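Everything on this sheet refers to the single structure shown next.
The figures that follow rest on heavy atoms only: side chains count, while hydrogens, waters and symmetry mates do not. Remember, it's a predicted structure, so these values are computed and weren't measured experimentally.
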Amino acid sequence: MHEVSIIQSVIDIVTKQALENNLTKINNVSLRIGELSGVMPESLEFAFDSCIKGTMLEESTLNIEIVSALGECKDCNLEFPIKHFNKLCPSCNKFCTNIIRGYELNINTIEGD
């Protein structure tokens, strides 16, 4: 389960940012996760709840925003939603090689006191 190492990195980054901004407690962490990233939101939530014990994030909540995958056809310039195993342009039926979004894994916001 690589979600544990992802959450541990999130905790490290959030803690560093909190200390740099004189925060003593984190209330909320918001992540943006692309649907093609291979990260399971439920596993992230479980890992978060387990890993925040004893940290300044201990009473915080985790919000996850799923970013839908979007491709762009280089032949007809159409932007369209894609799936992991279906990246064919619905207009010209060519394979999409330009993925605009869907692989994100970002800390979006940190809220604290």
Handout entry: Connected hydrophobic set around Ile100, excluding itself, where side chains approach under 4.5 Å
Key = Leu70
Completion exercise
Minimal heavy-atom distance between Lys87 and Ile99, with the atoms involved, is CE-CD1, 3.8 Å
Exercise for the section: Each residue besides Phe95 in its hydrophobic cluster should be listed here, by chain and number; the cluster joins Ile, Leu, Val, Met, Phe, Trp and Tyr at side-chain heavy-atom distances under 4.5 Å. Expected result: Leu88
Problem - Closest non-hydrogen atom pair between Cys89 and Leu78, with its separation - result: SG-CD2, 4.0 Å
Handout entry: Student check: side-chain heavy atoms of Thr61 and Phe48 closer than 4.5 Å
Key = no
Exercise for the section: Give the minimum heavy-atom separation between Ile110 and Gln17, together with the two atoms involved. Expected result: CD1-CB, 4.1 Å
Exercise for the section: Would you name the heavy atoms of Cys73 and Phe80 that are closest together and state the gap between them? Expected result: N-CE2, 3.8 Å
Practice task
Determine which pairs satisfy side chain to side chain donor-acceptor pair (under 3.5 Å) with at least one residue from residues 103-113, sequence neighbours left out, and list them in order.
Solution key: Asn27-Asp113
Handout entry: Note, Val29 side chain near Leu31 side chain (heavy atom, < 4.5 Å)
Key = yes
Practice task
Decide yes or no for Met56 and Lys25: does some side-chain heavy atom of the first lie under 4.5 Å from some side-chain heavy atom of the second?
Solution key: no
Problem - Taking every non-hydrogen atom, the tightest pair across Val39 and His2 - result: CG2-NE2, 4.1 Å
Handout entry: Heavy-atom side-chain contact between Ile52 and Ser60 under 4.5 Å
Key = yes
Practice task
Might you point out which heavy atoms bring Glu3 and Met40 nearest each other, and give the distance in Å?
Solution key: OE2-N, 2.9 Å
Exercise for the section: Mark yes when over 12 heavy atoms from residues, nucleotides or ligands other than Glu59 sit less than 6.0 Å from its CD; otherwise mark no. Expected result: no
